[in-house]
Every structure is written in structure tokens, then in C-alpha cells.
Amino acid sequence: MSAIDDFRSKLAVVEHFDFVYVVLPKQGIRKKLSGSRVSDNKMATNTRKSPLFCTSDKSKKMFLTLKYMASLWPEVIPDFQINGNAWPKGFYTGSNLQGDTAFHQKLKTLKSANDSMKIVVQYYCISPDDNFIGLFFVMHQGSELTESLRESINQPWVAALLELTHFYMTRKYPSLTNPNLYNGSIREKTLKILEHTAAGMNYRDIGEALHLTERGVHYHIDRAKLLLNATNKADLVRIAKECCLI
């Protein structure tokens, strides 16, 4: 089963609603895991590269367009998503549709083309032990959103299901969900070295497998230890697993 099919199967029990799921860096999209800031162009690139999991192809098409628009008009992205401060937790109805008139015009056109698809609420999954945040957009397909449907999506079991789905997806598919793997915090080569290290390979064997010198492998390991505040190799593997990097 593919990751997207797995995701859809987990939320199939919730009727009448679509879900779009993204994972954001807890430090905000303006920063890398090290705390260093990224340029506007890099932030826009990271926004476009962020993976989407959607329960329907229609919601995926709509959000791919929204994501691209947000990369062009970052001022419409909430400040807590950009700078990683004062994250909301649980259900959230705050709007981020502010600022640029050109964005509003394009958003109006997009909404008219997807008139039957409406964002009902957002849900933020936050764990103090994770360096990433899960965000679900809850969407309704249909011409009318009744009060009973609004109440049904705010049930405690729905929140519990979203929390469990976030936990499952980030642990089962870390390479697809962890934002610190696509925002430049962890290089692809470093990640492969971490995976080989966790499998018990020594530096020489890792170097041969990845066409690196032992010194090169040491460099990536030392950089990862510094980034993740690890004291030694065993500690590094433990933290990388806890951070859902491997």
C-alpha cells in the first residue's frame, strides 16, 4: 500500500469531509533546524516542495494551486507558521487571508472554480517532543454545510483520529513527512549516512557504499551531531529516530 492510500484509509471513517495534511517545521518555515534563517526565495521553494497528503484528488488539485500561490505571496501565511512562535493547538478557525489584492483576486477565481469545496476548519497536532507540527485542513464537499455537520467534525473522536494519524504518518513515512528533510536542514547525503549508521555499518563501509572517503563520512556525522545536539554516534542514532528523521 502506498503512503497516500495508507493515509486515505486512516481517515475514510469520517464521512462528508475531505482532509489535506501537511507537516511544518516547529521552528517555522523561515528557519532551518539549526536556527539559521533562509532567504525569501528559499522559503518560497520550501513551500512549493512541502509534501501534501489528500483524501481526494479534487482537494489535492486545489491545494497544489493554493500552495503555489502562498509561495508567491508569503505575507498571507500566518506568522506562527513563518517564525514558529505561538502555534495554535487543536481545532483552529483563524484566517490567514490578508494582504495582497492580487492574491485575493486569484483566490476568488480559485474558489469559484472549486465552489463545492470549502475549508471548514484547521487542526494543529503539536507534541513537545517533536520538532515538527502536523496540520490538517478539514474540507467539506457539497453545496451546504449544516450545523449538524459542523458539530460532527468537532467531536473528540475526530480530534483523536487526527492526532493518531499524524503520529502514524510521521513514524511510518519519515522521509515523506519530515519538513527538515526538504527545507535543507538535513542534507540527503547526511540522511543516508544516518540510515547506514543506524543499520550498524562502520565508516569505511558507509564510504564505499556512498562513494565517500572515511573523512567525508566523519564530516557528515559530526555535522549531524552538532545539529541534533548528540554526544556520540549512538546518541545521534537515538535522537535521529526520535526526531523521525530515520
Side-chain angles (χ1 to χ4, degrees), residues 3 21-52 71 74 77-87 89 124-135 166-246:
Y21 169 62
V22 297
V23 185
L24 304 170
K26 185 178 282 187
Q27 72 272 14
I29 60 177
R30 171 65 78 182
K31 302 174 188 173
K32 294 183 180 181
L33 192 58
S34 63
S36 62
R37 290 169 61 88
V38 300
S39 67
D40 290 345
N41 287 340
K42 183 61 176 176
M43 188 172 74
T45 299
N46 291 342
T47 300
R48 288 193 291 270
K49 286 168 60 178
S50 58
L52 283 176
S71 73
I77 302 174
D79 181 71
F80 55 82
Q81 289 187 17
I82 293 179
N83 296 308
N85 48 20
W87 286 96
K89 183 174 174 59
Y124 287 85
C125 303
I126 301 178
S127 169
D129 298 325
D130 292 340
N131 54 23
F132 47 81
I133 307 287
L135 168 58
H166 169 63
F167 183 88
Y168 173 82
M169 293 298 293
T170 51
R171 273 67 183 175
K172 181 71 178 292
Y173 306 102
S175 63
L176 296 177
T177 57
N178 196 310
N180 294 304
L181 298 180
Y182 64 76
N183 69 1
S185 291
I186 300 288
R187 298 174 184 173
E188 185 177 354
K189 187 76 72 175
T190 303
L191 180 64
K192 289 185 180 298
I193 289 172
L194 287 174
E195 291 172 343
H196 286 318
T197 302
M201 294 175 65
N202 60 39
Y203 288 169
R204 186 182 64 181
D205 291 341
I206 293 173
E208 289 178 356
L210 299 178
H211 307 291
L212 292 171
T213 64
E214 287 190 48
R215 184 176 179 180
V217 175
H218 272 282
Y219 166 79
H220 284 278
I221 290 292
D222 289 343
R223 182 179 180 275
K225 285 195 294 187
L226 182 64
L227 184 63
L228 299 177
N229 295 315
T231 56
N232 53 47
K233 191 166 66 172
D235 193 38
L236 175 63
V237 170
R238 177 187 63 80
I239 294 173
K241 288 182 177 180
E242 288 180 352
C243 291
C244 300
L245 294 170
I246 57 176

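Fair warning: this is a prediction, and the values are worked out from it, not measured in the lab.
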Open item on the list: Can you tell me how far apart OG1 (T47) and NZ (K42) are? Round to the nearest 0.5 Å.
Closed with: 11.0 Å

Open item on the list: Evaluate L33 against N131 for side chain to side chain contact (heavy atoms under 4.5 Å, CB included), listing each step before the verdict.
Closed with: CA-CA 8 Å; L33 192 58; N131 54 23; 3.7 Å; yes

- [ ] Give a yes or no on whether R48 atom CZ has more than 12 heavy-atom contacts from other residues, nucleotides or ligands under 6.0 Å away.
- [x] yes

Task: pair P179-F132: side-chain heavy atoms closer than 4.5 Å - done: yes

TODO: Might you confirm whether atom CZ of F167 has over 12 heavy atoms from other residues, nucleotides or ligands at distances under 6.0 Å?
DONE: no

- [ ] Measure from the side-chain N and O atoms of T190 to the backbone N and O of I186, and report whether any donor-acceptor pair falls under 3.5 Å.
- [x] no

Open item on the list: Using only atom types and a distance under 3.5 Å, with no angle test, would you say the side chain of N178 pairs donor to acceptor with the backbone of C244?
Closed with: yes

Open item on the list: Is the positively charged end of K233 above the ring of Y203, judged by distance under 6.0 angstrom from the centroid and angle within 45° of the axis?
Closed with: yes

Task: Pairwise side-chain contact, V23 with L135, heavy-atom cut-off 4.5 Å (strictly under) - done: no

Open item on the list: What I want to find out is whether R215 reaches D222 closely enough, with some N-O distance under 4.0 Å, to be called a salt bridge.
Closed with: no

Task: Side chain to side chain, L212 and K189, heavy atoms closer than 4.5 Å - done: yes

Open item on the list: Nearest 0.5 Å, please: how far is OG in S185 from CG in L191?
Closed with: 12.0 Å

Open item on the list: Salt bridge check, D79 against R30: does any charged N sit closer than 4.0 Å to a carboxylate O?
Closed with: no

- [ ] Check L181 against S175 and note the closest heavy-atom contact, atom names and distance.
- [x] CD1-CA, 3.7 Å

TODO: Would you indicate whether the side-chain heavy atoms of N229 and I239 approach each other to under 4.5 Å?
DONE: no

- [ ] Begin with the C-alpha distance, continue with both residues' side-chain angles, and end with the deciding distance and a verdict on salt bridge (charged side-chain N to carboxylate O under 4.0 Å, His left out) for R171 and D130.
- [x] CA-CA 11 Å; R171 273 67 183 175; D130 292 340; 3.0 Å; yes

Open item on the list: I'd like to know if the side chain of T197 reaches the main chain of I193, judged simply by a donor and an acceptor atom lying under 3.5 Å from each other, with no hydrogens or angles considered.
Closed with: yes

- [ ] Kindly compute the distance separating OG (S39) from CG (N41), expressed to the nearest 0.5 Å.
- [x] 5.0 Å

Task: N83 and Q27 side chains, donor-acceptor separation under 3.5 Å - done: no

Task: Shortest non-hydrogen separation from M201 to A209 and the atoms involved - done: CE-CB, 4.2 Å

Task: Working for side chain to side chain contact (heavy atoms under 4.5 Å, CB included), residues L228 and D235 - done: CA-CA 9 Å; L228 299 177; D235 193 38; over 6 Å; no

TODO: Answer whether the closest heavy-atom distance between the side chains of H220 and K192 falls below 4.5 Å.
DONE: no

- [ ] Drop me the distance from C243's SG to N180's CG, to the nearest 0.5 angstrom.
- [x] 8.0 Å

Open item on the list: Are the side chains of M43 and I82 in contact, using a 4.5 Å heavy-atom criterion?
Closed with: yes

Task: Flag if over 12 foreign heavy atoms under 6.0 Å of NZ, K49 - done: yes

Open item on the list: What I'd like to find out is whether the side chain of V38 reaches to under 4.5 Å of the side chain of K31, using heavy atoms alone.
Closed with: no

Open item on the list: Any donor-acceptor pair under 3.5 Å linking the side-chain atoms of Y124 with those of Q81?
Closed with: yes

Open item on the list: If I take atom OG1 from residue T170 and atom CD1 from residue I133, how far apart are they, to the nearest 0.5 angstrom?
Closed with: 11.0 Å

- [ ] Please name the pair of heavy atoms, one in W87 and one in K26, separated by the smallest distance, quoted to 0.1 Å.
- [x] NE1-O, 3.0 Å

Open item on the list: If I take atom NE2 from residue H166 and atom OH from residue Y21, how far apart are they, to the nearest 0.5 angstrom?
Closed with: 5.0 Å

